[in-house]
Amino acid sequence: MRTDMRKNSKSSWPKVIARKWLNIPSGAEEFQSDYAVNGETGDRRKSCCDQDYHSIVPGNFSGWLTETAGGIKPSKSMPEPPPVTDSLNPRMFVGTWNVGGKSPHEGLNIRDWLSSPAPADIYVLGFQEIVPLNAGNVLGAEDNGPAAKWLSLIREALNSDQSDKELARCYSGATEESSPSSLQLEQQASLKPRTSFTDLLSMEDELGEEDFERLLNLNTNSSEEGSPSPTYMSGSPARQRFCLAASKQMVGLFLCVWVRTDLYKHISNLKVSCVGCGIMGYLGNKGSVSISMTLHQKTFCFVCTHLTSGEKEGDEIRRNSDVAEILKRTKFSRSFRDFRQPFHPENILDHDKVIWLGDLNYRLAPGCVDTHELLKKNNWQVLLEKDQLRIEQRAGRVFSGWEEGRIYFAPTYKYLADSDDYVVQTSNSKEKRRIPAWCDRILWKGEGLKQVWYSRGECRFSDHRPVYSLFSVHINLVNKLIPTAISCPPRFSSKSALSSACGAKVQAEELLVIPGHKAT
């Protein structure tokens, strides 16, 4: 038995290496996702490649695959759902973190990173280097162990009772990123304050009526010990629950999207795409992982990237080239969809709203001589004048038309392990010296995205500090139809698999998989 296992293991390695070196896709469209709603979480399962497999939707599995594949055309006998004349303004938390090839240990506290001025409805979390970028991981089989640990930590942090209290703490000091006092407010957000009435009034428009009333009640009762934890999110149960919409790994890149369970049923067309820009321009030690989804008929694309490293002159040009390649080569496959949806984006820029996050690796341009002194004085604005990303963007060579919030936080790279000191401050070795830089960034493109916070966490887990941003997302629901879940009997017919309301090409989750059957 052991001999057979060794033979299988040895024989699989050349295949894996060959596929990677020849850039042959292998499970490129597979991703993990929860399939349970209503506050329950289920086993994470992978979908099959859309090319060779399709699935049938059982009757007790209504709603998920029908919406994920774009929706199955409803029966003519079903009543037409009423139109909605309203708008939606969910809050979206976006975070990025290069964890330096380290697997998280049990009990690692990531709540500092996930804290924000207001609770979010959607969490988009991107990681870089979740595994060491050595030859075994780049050329060999994917190591999914660290990704599973990160998912477990995130699930626990988002769904714990303690997270509700910490999110409430972050309400204080919430303000627009353009406010001149954002630097001071960033420090206030980490305290446990009692918000003044004047501040509450200024937050009313941003938070909305229901959340504002809850915050007002929270502020009134904040001095009472033992008072029960309030509810913070509109229309949700007392204990907030988040589920995994999708997650995808490519070597060290890892991207996951979490949503409130009551929003989960409104998410459809989940797709993933990976682009390798590393060794030979194709391997996955550098590149991107992207997730595309539709929320209330508005299309979103989240692009988690790790671009070419290096601080030599000319390295920024290679990073620009990586961005161009990712925009060019990222493709989302088409699948069976509801004909009421006339358009589904196939590339990044086709989406209504795009978030680009990750370790972009842009450094400070040569010629910044007093870096250490400027860091000691927290004079970041002078340092930012040498930021390569801003220089290249202003010149129109990369991210033309994209937006980034104003930066009021210290450079995020490179720190000594488990320290608040930059490598440049203590290291005597020229090989190890790195000029501190804002490598970790979040940019966006599209109407209806309003950034209300842009900051960084202070976890010392790696040589990078995590970065996060909070967005208010405006979604116009006027004249849109509310999607309805359609139950289908668990019966299969090869002739009517795609034509009936019970058949769909696999794109998200499947219960019954028929291998080798080609969809027509």
Side-chain angles (χ1 to χ4, degrees), residues 96-102 126-129 132-134 138 251-253 277-281 283-288 304-326 356-399 404 407 409-417 419-443 456 460 462-467:
T96 177
W97 196 3
N98 185 322
V99 294
K102 298 171 62 177
F127 296 84
Q128 302 82 45
E129 296 189 45
L133 300 183
N134 53 40
V138 174
V251 189
L253 276 167
C277 297
I279 301 171
M280 300 191 308
L283 294 187
N285 55 308
K286 295 292 190 293
S288 69
C304 177
T305 61
H306 192 188
L307 306 184
T308 298
S309 60
E311 56 184 20
K312 300 187 302 293
E313 186 174 356
D315 284 340
E316 69 275 12
I317 298 175
R318 298 171 61 196
R319 291 185 267 274
N320 295 349
S321 177
D322 287 348
V323 173
E325 282 295 302
I326 291 167
W356 190 298
L357 61 145
D359 180 1
L360 308 191
N361 255 323
Y362 285 95
R363 310 301 175 90
L364 296 182
C368 197
V369 292
D370 297 326
T371 303
H372 184 58
E373 289 300 318
L374 292 172
L375 287 171
K376 288 174 61 177
K377 297 177 181 178
N378 292 340
N379 195 344
W380 304 321
Q381 299 310 310
V382 174
L383 286 173
L384 282 167
E385 293 176 3
K386 293 289 186 177
D387 177 63
Q388 288 180 341
L389 176 55
R390 294 192 170 188
I391 294 172
E392 295 300 302
Q393 193 175 16
R394 283 195 299 265
R397 292 188 285 265
V398 72
F399 289 116
E404 184 186 18
I407 294 177
F409 51 87
T412 57
Y413 176 84
K414 177 179 185 176
Y415 283 91
L416 290 171
S419 171
D420 289 326
D421 294 327
Y422 292 104
V423 171
V424 71
Q425 295 173 314
T426 57
S427 177
N428 294 322
S429 172
K430 292 183 179 180
E431 294 182 358
K432 295 182 180 179
R433 289 173 67 88
R434 293 291 186 273
I435 298 175
W438 287 271
C439 291
D440 311 278
R441 313 288 274 269
I442 299 172
L443 297 89
R456 68 172 224 175
R460 300 173 177 176
S462 81
D463 55 357
H464 289 251
R465 291 293 185 264
V467 171

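Between the side chains of Thr96 and Asp440, no donor-acceptor pair is found at a separation under 3.5 Å.
Taking 4.5 Å as the limit, some side-chain heavy atom of Lys286 sits within range of a side-chain heavy atom of Leu133. Put simply, the side chain of Ser288 does not reach to within 4.5 Å of the side chain of Glu325, judged on heavy atoms. Side chains of Leu283 and Val251 form no contact here, defined as non-hydrogen atoms less than 4.5 Å apart. Asp322 is not listed as a side-chain neighbour of Thr305, based on a closest heavy-atom distance of 4.5 Å or more.
What you find for Asn361 and Thr308 is that their closest heavy atoms are CB-O, 3.3 Å. Here the closest non-hydrogen pair linking Leu443 and Gln393 is CD2-NE2, 4.2 Å. Contact between Cys304 and Gln128 at its shortest, heavy atoms only, is SG-NE2, 3.6 Å. Here the closest non-hydrogen pair linking Arg460 and Asp420 is NH2-OD2, 2.5 Å. The two atoms that bring Pro436 and Leu375 nearest to each other are CG-CD1, 3.5 Å, heavy atoms only. Among all heavy-atom pairs drawn from Cys439 and Arg363, the shortest one is SG-NE, 3.5 Å.
For Arg441, the salt bridge (charged side-chain N to carboxylate O under 4.0 Å, His left out) test picks out Asp387, Glu404, with sequence neighbours left out. Partners of Asp359 according to the side chain to side chain donor-acceptor pair (under 3.5 Å) rule, which considers only residues two or more places apart in sequence or in another chain, are Asn98, His306. Listed by chain and number, the residues in a side chain to side chain donor-acceptor pair (under 3.5 Å) with Tyr415 are Tyr422, Arg456 (sequence neighbours excluded). Every residue was checked against the ring pair (Phe, Tyr, Trp, His ring centres under 6.0 Å) condition with Tyr362, not counting sequence neighbours, and none meets it. Under the rule for a ring pair (Phe, Tyr, Trp, His ring centres under 6.0 Å), the partners of Phe399 that lie at least two apart in sequence or sit in another chain are Trp356, Trp402. Judged as a salt bridge (charged side-chain N to carboxylate O under 4.0 Å, His left out), and not counting sequence neighbours, the contacts of Lys312 are Asp315.
Note that CG of Asn285 is 4.5 Å distant from CD1 of Ile279, once rounded to the nearest 0.5 Å. Atom CG of Asn379 and atom CD of Glu373 lie 11.0 Å apart (nearest 0.5 Å). Put simply, CH2 on Trp97 and CG on Leu357 are 14.5 Å apart, with the number rounded to the nearest 0.5 Å. The distance from the CG atom of Leu253 to the CD atom of Glu129 is 9.0 Å, given to the nearest 0.5 Å. Between the CZ atom in Arg390 and the CH2 atom in Trp438 there is a gap of 8.0 Å [rounded to 0.5 Å]. The distance from the CD atom of Gln388 to the CG atom of Asn320 is 9.0 Å, given to the nearest 0.5 Å.
Checking side-chain atoms of Ser462 against main-chain N and O of His464 turns up a donor-acceptor pair under 3.5 Å.
Residue Arg318 places its CZ atom among 12 or fewer non-hydrogen atoms of other residues, nucleotides or ligands, all under 6.0 Å distant.
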Audit row: Arg319, Leu389, side-chain contact (heavy atoms from CB on, under 4.5 Å) steps and yes/no: CA-CA 9 Å; Arg319 291 185 267 274; Leu389 176 55; over 6 Å; no
Candidate pair Ile326 and Leu307, rule side-chain contact (heavy atoms from CB on, under 4.5 Å), full reasoning: CA-CA 10 Å; Ile326 291 167; Leu307 306 184; 3.9 Å; yes
